[in-house]
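Report on one structure; see the data block that follows.
Because the structure is a prediction, the values reported are computed rather than measured.
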Amino acid sequence: MNHEVIIYKSQQKAFLIILISVLLAAGAWLFFQYTDKNVMGWSFIILSVLCLIFGISTLFDRNPSIVLTENGITETSSIREEIEWGAILHVDDFYYRGQHFIRLLVDRNYKPDLIQPTWFYRLDRLYEQEGVKALFIRVNYLDITSMKLARFIRKMIQADGSKRTELLNSRTEEW
């Protein structure tokens, strides 16, 4: 029996984005009614429509974002292949330019065709000197915070096979 934890996009955050789009539309209406700044009003309308589209697509997206199993972790949006727990050398969470990320450091020789260069060239060079490759998982719109996910991944890395099964079964108490 294969035990797994599936993490989806957050429906609460999607509702919040939809609410923000309604507030932006109300702000646009106020600009049109009480000022002569039509450019600002149309800017609010465009931003409102984009937020509404993103919020609705996030609300109805029920595809798993992250899958944690006894064998490893799979991030379905960019990596799409399972990374075994033994290959992960270090994991931490960090905040960069308004985004929460999980950073997984793996050996440079581990599945080299799977691991693409990062979005920041200087970080790649720094990691290359250390002999590791970094994988970044964005967790802003997920049902879990980056700190809790990083803590859980650390526990999974340190555990053996039977302990991993226990962790996967008891993860609801931790989150």
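When the side-chain hydrogen bond (donor to acceptor under 3.5 Å, both in side chains) test is applied to Ser77, the partners found at least two apart in sequence or on another chain are Glu75. Every side chain to side chain contact (heavy atoms under 4.5 Å, CB included) that Val132 has, sequence neighbours left out, goes to Leu89, Leu105, Tyr127, Glu130. Partners of Arg103 under the salt bridge (charged side-chain N to carboxylate O under 4.0 Å, His left out) rule, at least two apart in sequence or in another chain, are Asp92. Partners of Thr165 according to the side-chain hydrogen bond (donor to acceptor under 3.5 Å, both in side chains) rule, which considers only residues two or more places apart in sequence or in another chain, are Glu70. By the side chain to side chain contact (heavy atoms under 4.5 Å, CB included) test, Ala159 pairs with Lys163, Arg164, Leu167, sequence neighbours left out. Residues satisfying the ring pair (Phe, Tyr, Trp, His ring centres under 6.0 Å) test with Phe54, not counting sequence neighbours, are Tyr141. For Gln129, the side-chain hydrogen bond (donor to acceptor under 3.5 Å, both in side chains) test picks out no residue, with sequence neighbours left out. Under the rule for a ring pair (Phe, Tyr, Trp, His ring centres under 6.0 Å), Trp29 has no partner lying at least two apart in sequence or in another chain. Take Asp61 and apply the side-chain hydrogen bond (donor to acceptor under 3.5 Å, both in side chains) test, not counting sequence neighbours, and it matches Lys9, Asn63. Every residue two or more places apart in sequence or in another chain that forms a ring pair (Phe, Tyr, Trp, His ring centres under 6.0 Å) with Tyr95 is listed here: His100.
Here the side chains of Asn71 and Glu82 are in contact, with some heavy-atom distance below 4.5 Å. Counting heavy atoms from C-beta outward, Leu149 and Asp93 have side chains that stay 4.5 Å or more apart.
Applying the salt bridge (Lys or Arg N to Asp or Glu O under 4.0 Å) test to every pair with at least one member in residues 29-45, sequence neighbours left out, gives no pairs at all.
Outside the 6.0 Å centre-distance limit, the rings of Phe32 and Phe44 are not counted as a close aromatic pair.
Here Phe15 is tied into one hydrophobic group with Ile18, Leu52, Ile56, Leu59, Phe60, each link being a pair of ILVMFWY side chains closer than 4.5 Å.
Summarising the geometry, atom CG belonging to Leu24 is positioned 11.5 Å from atom CD1 belonging to Ile17; distances are rounded to the nearest 0.5 Å.
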